[in-house]
Structures are given as structure tokens and as C-alpha cells.
Amino acid sequence: MPEVRADFHAILTEDELMLFIDEMDNVNCEFKLPYLASAIMRQAEFTNWPFRKLNHFKEGKKVLEDFISENPNNIEGRYVRLLCQLNAPSFLNYDNIDEDRAFVNKHIETANLTEDYKKIMLFNIKKHSNK
């Protein structure tokens, strides 16, 4: 999972995004799903067709919401959803921001993650909150 997390945060181009999505087939861990879902949603950034943009968003959102429904206490699912919501256009009405921010803040100290990744999570939340 450390490689999935690092690769997820390093995506800058459409080619990198598509490679990340393709490589997820080789990762045997259910906790990859939030990152994959977000990557599916991010495909919308690289298409000009409004319906295709919306379809990418809806497809990824369903995967992410299903994961969170099945794993409501998974901090990474909530973190990734928070990042998606902070970056989604407001007209999509994708807003559990306060709930997810509170969840991450409450559970970050006790999460079974490295201290470095916890810092990355908090940094990214702050960075995307100030857009």
C-alpha cells in the first residue's frame, strides 16, 4: 500500500493517471479502492465531453461510496473522499466535507499509518481546503 499511496499523490498527467489505474489490477489489497475510485473520477479532468466527465465522476463516486459504506471507519476512504469533495465542482453536490474532515481529525492519531503518511494526509487536506 505505501507504493499505491505514493503513486496516487504523484499523478500529474493523463498518462500517469491511466498507468496508475492499469496498475491497480496488480494490487491485491481491498484498501486500494478509495485511491482507484478517485483516479477514475480524475479522468474527468482529461476529457472535454461533459457527459463523459460526469460518467467518470459518477463511476468513481459509486466505487468510493460503496467502499465507505462497507468500511465506515476506514480513515483512508474518508481522506480520499474528502480530497475528492474539496476538488469537485460545487454543482455536483458532493459534500460530506465537514463529516469527513471531523472523522479524519478525530482518528488520525490512532490510525494504523506511518507518521509520515499522516503528515502527508493533513498537509493535503490543508492545501486543498485553501483553494
Side-chain angles (χ1 to χ4, degrees):
M1 273 305 291
E3 190 173 301
V4 170
R5 294 175 186 125
D7 290 350
F8 171 78
H9 289 294
I11 297 169
L12 297 175
T13 67
E14 182 177 13
D15 288 341
E16 292 170 343
L17 179 66
M18 297 314 295
L19 181 62
F20 178 83
I21 291 170
D22 289 343
E23 288 177 349
M24 287 298 98
D25 287 339
N26 300 322
V27 176
N28 188 22
C29 178
E30 72 175 302
F31 298 118
K32 73 179 181 182
L33 287 177
Y35 298 98
L36 175 59
S38 177
I40 292 168
M41 283 189 244
R42 273 192 76 185
Q43 290 180 89
E45 292 177 30
F46 300 105
T47 185
N48 293 323
W49 297 96
F51 290 114
R52 191 170 294 154
K53 283 180 180 282
L54 187 58
N55 286 340
H56 287 308
F57 178 81
K58 285 180 176 180
E59 179 185 353
K61 180 181 174 187
K62 177 165 181 16
V63 172
L64 184 54
E65 291 300 322
D66 288 349
F67 176 85
I68 292 172
S69 291
E70 294 170 15
N71 303 278
N73 295 319
N74 181 278
I75 194 168
E76 289 184 87
R78 298 293 193 101
Y79 162 70
V80 171
R81 183 170 73 175
L82 178 57
L83 291 182
C84 292
Q85 294 170 135
L86 291 169
N87 289 295
S90 60
F91 68 84
L92 291 173
N93 296 317
Y94 193 35
D95 189 357
N96 301 91
I97 291 173
D98 293 336
E99 174 189 334
D100 288 344
R101 182 178 282 129
F103 183 91
V104 170
N105 287 333
K106 180 178 179 181
H107 295 92
I108 192 88
E109 290 301 318
T110 59
N112 187 20
L113 300 166
T114 66
E115 290 302 314
D116 286 343
Y117 195 63
K118 290 176 186 180
K119 289 176 186 174
I120 288 169
M121 289 171 71
L122 294 172
F123 173 80
N124 283 322
I125 290 168
K126 184 175 181 182
K127 178 175 88 173
H128 291 280
S129 294
N130 293 330
K131 283 189 171 182

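Using a 4.5 Å heavy-atom threshold, the side chains of Leu92 and Leu54 count as touching. Considering only heavy atoms from C-beta on, Phe20 comes within 4.5 Å of Val4 through its side chain. Side-chain contact between Arg5 and Glu76 is present, with heavy atoms from C-beta onward closer than 4.5 Å. In this structure, the side chains of Glu45 and Glu14 stay at 4.5 Å or more apart for every pair of heavy atoms. Between Phe57 and Lys53, every side-chain heavy-atom pair lies at or beyond the 4.5 Å cut-off. Between Ile125 and Val104 there is a side-chain heavy-atom pair separated by less than 4.5 Å.
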Would you check, one step at a time, whether the test side chain to side chain contact (heavy atoms under 4.5 Å, CB included) holds for Val27 with Glu23?
-> CA-CA 7 Å; Val27 176; Glu23 288 177 349; 5.8 Å; no

Report the C-alpha separation of Leu122 and Asn105 in whole Å, then their side-chain angles, then the decisive distance to 0.1 Å, and conclude whether the side chain to side chain contact (heavy atoms under 4.5 Å, CB included) test is met.
-> CA-CA 8 Å; Leu122 294 172; Asn105 287 333; 4.0 Å; yes

In sequence, state the C-alpha distance, the side-chain angles, and the governing distance for Leu83 and His9, and then conclude on side chain to side chain contact (heavy atoms under 4.5 Å, CB included).
-> CA-CA 11 Å; Leu83 291 182; His9 289 294; 4.2 Å; yes

Could you please spell out the steps behind the side chain to side chain contact (heavy atoms under 4.5 Å, CB included) verdict for Met41 and Leu64?
-> CA-CA 10 Å; Met41 283 189 244; Leu64 184 54; 3.7 Å; yes

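Minimum interatomic distance between Leu12 and Phe46 (heavy atoms only, all atoms of both residues): O-CZ, 4.2 Å. Annotation for Ile68 and Gly77: closest pair CD1-O, 3.5 Å, computed over non-hydrogen atoms. In plain terms, the two heavy atoms of Asn96 and Gln85 that are nearest each other are N-OE1, 2.6 Å.
Each of Trp49 and Phe91 belongs to its own hydrophobic cluster when Ile, Leu, Val, Met, Phe, Trp and Tyr are linked at side-chain heavy-atom distances under 4.5 angstrom. Under the 4.5 Å side-chain contact rule for hydrophobic residues, Met1 and Val80 share a cluster. Hydrophobic clustering (ILVMFWY, side-chain heavy atoms < 4.5 Å, transitive): Leu17 and Leu19 are in distinct clusters.
How far CG of Leu36 is from CD1 of Ile21: 6.5 Å, rounded to the nearest 0.5 Å. Between the CG atom of Asp95 and the CG atom of Asp100 there is a distance of 9.0 Å, given to the nearest 0.5 Å. To the nearest 0.5 Å, atom NE2 of residue His56 and atom CZ of residue Arg42 are 13.0 Å apart. Asn124 contributes atom CG, which lies 5.0 Å from atom NZ of Lys127 (distance to the nearest 0.5 angstrom). To the nearest 0.5 Å, atoms NZ (Lys126) and CG (Leu86) are separated by 14.0 Å. If you take CD1 on Ile75 and CD1 on Ile108, they are separated by 4.0 Å, rounding to the nearest 0.5 Å.
Looking at Glu65, its side chain never comes within 3.5 Å of a backbone N or O of Lys61 through a donor-acceptor pair.
Here Glu109 does not pair with Lys118 in a salt bridge; the nearest charged N to carboxylate O distance is not below 4.0 Å. Ion pairing between Glu99 and Arg81 holds under the 4.0 Å rule for side-chain N and carboxylate O.
The ring-ring contact (aromatic ring centres under 6.0 Å, His included) check on Phe103 picks up His107, with sequence neighbours excluded.
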